[in-house]
Structure formats: C-alpha cells, structure tokens
Amino acid sequence: MGRVLGFRMVHQDYKEMIPARALSALDAADARALNDHLSDCEECRTELQEWEATAAAMAVSATPMEPSPKVRERILDEIRNESKSEVIPFRSATRNIWTSFGSLGAIAAVILVTALIVGLIVLWRQNDATNRALAQAREFMELATTPGAKVMRLDGVDLGAGATANLAYDKNGRAMLMADKLPSVPEGKAYQLWFIVGKNPPMPGKTFTPDETGKGMLRDQMPATAIDSAVFAITMEPVGGSDAPTSPIYLRSSAIN
Amino acid sequence: MKAIAARDEAALAQLYDRYRVILFGLLMRILGNREEAEDVLQEVFLQVWRKADDFDETRGRPFTWLVTLGRSRGIDRLRTLASRERVAEAGAREASEEISDAASDAFLSEQRGLVNNALAQLPDEQKGPLMLAYFDGLTQSEIATRLGAPLGTVKTRMRTGLIRLREMLASHGESFGF
C-alpha cells in the first residue's frame, strides 16, 4: 500500500485520484502510488478506462482540421517499407535467433541478409541513418546472431507509451539495447535499464539519454544471474543512475505484467 | 483494429480517414504548429499500425485508444519543443482559419456540440484546470502554480469538473460516442 506525504492511502484515496490520472495530470509521486495500486486493483483499472473515455471526449471540443494529404501518403509509404523488412526477427520476445537461423538453413540466411540490407537502406534513405546509426545497427545484428544470443522486445507503458526497444544479449551477458520513440528527458535525468529476476529487487543497469528524435542506445554487461531468466524494464532516473528505481516503468519486456 | 493487426493497409487507411480531422484538430490545439502536428499525426498512426495487437476491444473503444495515444504523443512533443524553447507563447501560436470540410459532417458536429455545450456549462474554476491538463499537459501542481490556487483546491475542482462533464455527457445516453 502506498504512502504519499506520510499518509497511508486506502482504496478510496486511489479512486479519487483516477480522474486526474485519466487527464495524466497527477504529479509524479501520486502517479507512482496510483500505478502501484492499479497493478493490484481490477476495479480501479476498470474505472480508469471509464474516465479515460470521458477525457477523450474533450478531444472533439478542438476545432477539426484537415492535415495535408501528404501525411496519409507518408504513413502508407512507411508501413509498406516496414512490411518489406518485417522478416527481421527482432520482434519475437525470447527467440533464440541462432537456433532458428540454423534450422531454416540457407534460404533463411538469404532472407535475413536481404532483409538486413533492405532495413539498412531504408534507414539510410530516411535521412536519419548516419554512419553511427548504421554502425550501431550492424553491431546489434552481429550480437543478436551470435550463437546462443537472445533478443527481447520492450514496449512503452504509461508515461513511456509508444516507445519501443530491443535488447540483444549473448550467453556471456554482453548486452546492447536500441530504443526508439522515447519521451525526452528533462535536464539531469536519464533512462536506466533494470534486470529483474523473480521477486528479487531490480538490479541496476547503465543509464542512457535519447537523442532529439527519441532514439537511444546502450551497451551493458548483464549480471550473471539475469542471463537466463531476467525480465527487463526502463525507468527515468537521475543522470548518475539509481540503486533502486525511483520512477514508474517507462518500458518493460512482456514478461512483466 | 483486428484487420490492422492482421496487417491490412486498407483498414489503417480507413481508420485514418475517419479520425484524421479530429486528431489533427486535437494536435493543432496542443501544438499550435502545423508541421509539428502533422509529424505527430504520422507517428500516431504508425504506432497504431505497429501496436494494433495491443488494443483490447473489451477494455474500451478504438476512439478512446486513438485519442489517448494521440494526445499523449502531442503532449510529449509539446514538452520536447518547450524544452528547446521553440514553442512560442500560447497567444502567438499559429492561427489557422482552415477548418476541415469534415467539420460540416453532421455526426461530428453533433458530437462537438454536445461536448462544447457540456464544457460551457462548467464553472470557469472547474473548466480551467481541465483544459490546462488536457490541452497543455500540465500536472496538478503546475496548474496550481499557474492559477495561483492551493493544490488541494485544484485537485478538487479538476475532479469535480470531470465528474460533471461525465454526468452531462451520460445524460445524452447513447447519443454521445464514436
């Protein structure tokens, strides 16, 4: 049960915070306390959905406006490009790429290499594929296709909604994270990776800050105990990192619910 | 949404055509800049394409999911721009008289009428915090500072305002909702 300003909070206290949560207007401490409660309270989760529907109605009070037709074209072009490169198996959660690679044989190898090249060309053509980004993508691929390597996908939740990340790591715990569409961080703050094994306290990883397009990259060494059975989370912490998380989770791997 | 999750491009295009003017209007209201609003609009629909699997129809309407996502991305962009001091003061935001043809769409006009009428009936002391939270992305503490009001008062007024808004919309029964 959470505490805010020294008071023990009860179910009714949390219920009263829900309308403000639907407007995402809670201050950080309140948001953290309510998030903890929501993870355990189905009634409050249902109520939050109802309040979110009311909050969403406010959107139609804005004057409807017509975007440029080019936006529609750009969206459809982009999803077609993505469809071409979707055979890159980064999206599967815990798949051992090397095992799959070997079992599929030469055809899969050709597809994978072709997809990688297409992906790299797409990146390059999108004008944000600097040499550094290409080098990072190549490094990530090399790590992900190391024998015994795994790739985990992390998805944004709550404050991090919309963000995504892929974490590749080999059997020795050498890890590389590539994240996209991260919310910007205020001055003095950074994102921090966490390794969570069972019900033990999260083990801190390194910190990183995203660039102005929301992309971020991190190389880290996983704790030995995390290599076989960890789930992963990202929070926003002071630049130097924290020993224990101090913010809500921004991204998490699917194994955490 | 199921069709989008099944990678049906036409379904995404249909969703875009249905909601683009509402979402773009919302993003223009938040960001006040056409270029930024169009960029975020594109991001939102790309995210819908990538995350349609996450939509659970038992837990809400597509409209709510889409608007919540769009507003969240709009507020994120607003904060990013504000941190770079690239956003002009609210009064200097890009004015635009361009209103979508869809504004004349009878259904949308009716929905707007219901919501605007309900908001107009709220006392300013309740409506103000709601608008600052929804369109400016301010937290309760930031709103209290902005309005020079005690934090507890802002919390009460925001909650009361949203409760009244819900009651007024509910009083229209099934007539409100996309």
Side-chain angles (χ1 to χ4, degrees), chain A residues 16-20 22-31 45-46 48-68 70-72 74-76 78-80 82-83 86 91 155-156 158-164 181-187 212-214, chain B residues 7 9 12-13 16 20-22 24-26 28-29 37-38 41-43 45-47 49-50 59-61 63-64 67-69 71-73 75-76 79-80 83 96 98-103 108 111-112 115-116 119 130 133-134 137-141 143 155 158-159 162-163 165-166 169 176:
Chain A
E16 292 184 2
M17 293 161 73
I18 293 174
L23 294 161
S24 53
L26 288 175
D27 293 302
D30 286 345
R45 284 200 298 273
T46 301
L48 174 61
Q49 288 154 21
E50 293 166 5
W51 284 114
E52 284 178 339
T54 301
M58 292 180 69
V60 300
S61 71
T63 304
M65 292 187 66
E66 188 69 64
S68 160
K70 289 179 182 170
V71 179
R72 191 179 194 275
R74 290 203 300 260
I75 292 166
L76 295 177
E78 181 77 19
I79 65 173
R80 283 169 195 144
E82 284 188 13
S83 297
E86 266 180 1
R91 288 168 189 264
D155 289 306
D158 298 328
L159 296 173
T164 60
K181 302 194 183 305
L182 292 163
S184 60
V185 291
E187 195 170 349
E212 60 183 21
T213 68
Chain B
R7 321 316 275 164
E9 277 182 34
L12 184 76
Y16 178 85
R20 73 186 188 283
V21 294
I22 295 173
F24 188 59
L26 169 64
M28 280 296 291
R29 173 75 179 265
E38 288 185 342
L41 183 67
Q42 179 177 339
E43 281 183 10
F45 277 91
L46 289 176
Q47 189 177 352
W49 177 253
R50 292 164 187 151
R59 301 183 80 88
R61 295 171 169 159
F63 171 78
T64 301
V67 164
T68 303
L69 181 63
R71 173 182 171 267
S72 171
R73 297 307 291 252
I75 297 293
D76 285 346
R79 287 177 182 150
T80 303
S83 70
S96 175
E98 184 187 353
I99 296 175
S100 162
D101 290 342
L108 176 55
Q111 302 296 301
R112 288 196 70 221
V115 175
N116 282 330
L119 287 170
L130 288 186
Y134 195 76
L138 299 188
T139 65
Q140 291 176 319
S141 290
I143 292 169
K155 288 182 176 180
M158 179 180 287
R159 184 166 178 275
L162 202 62
I163 289 171
L165 181 64
R166 179 162 81 167
L169 295 177
F176 179 79

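These numbers come from a predicted model, not from an experiment. Order of the sequence lines sets the chain letters (A, B, ...), proteins ahead of strands, with each chain counted from 1.
In this structure, chain A has heavy atoms under 4.5 Å from both the backbone and the side chain of B:L162. Contact of B:Q140 with chain A is made through backbone and side chain together, with heavy-atom distances under 4.5 Å. Proximity to chain A (any heavy atom under 4.5 Å) is shown, for B:I163, by both the backbone and the side chain. Contacts of A:E187 with chain B are absent, with no heavy-atom separation under 4.5 Å from either backbone or side chain.
A donor-acceptor pair under 3.5 Å is formed between the side chain of B:R79 and the backbone N or O of B:G137.
Contact detail for B:L130 and B:M158: the closest heavy-atom pair is CD2-O, 3.6 Å.
If you tally non-hydrogen atom pairs under 4.5 Å between each of B:D76, B:N116, B:L138 and chain A, the highest count goes to B:N116. Between chain A and the options B:Q47, B:R159, B:R73, B:R166, heavy-atom pairs under 4.5 Å are most frequent for B:R166. The candidate from A:S24, A:S68, A:G214, A:A28 with the greatest count of non-hydrogen atom pairs under 4.5 Å with chain B is A:S68. Heavy-atom pairs under 4.5 Å with chain B peak, among A:P183, A:P19, A:A20, A:S61, at A:S61. Put simply, of A:D155, A:T46, A:D27, the one with the most heavy-atom pairs under 4.5 Å next to chain B is A:D27. For the set A:L159, A:T164, A:I75, A:V185, the entry with the most heavy-atom pairs within less than 4.5 Å of chain B is A:I75.
The structure places CZ of B:R50 at 9.0 Å from CD of B:E43, a figure rounded to the nearest 0.5 Å. To the nearest 0.5 angstrom, B:Y134 atom OH is 5.0 Å from B:L26 atom CG. Taking OG1 of A:T213 as the reference point, atom CG of A:L182 lies at 9.0 Å (rounded to 0.5 Å).
For B:F45, the ring-ring contact (aromatic ring centres under 6.0 Å, His included) partners are B:Y16, not counting sequence neighbours. By the side-chain hydrogen bond (donor to acceptor under 3.5 Å, both in side chains) test, B:E9 pairs with A:R80, sequence neighbours left out.
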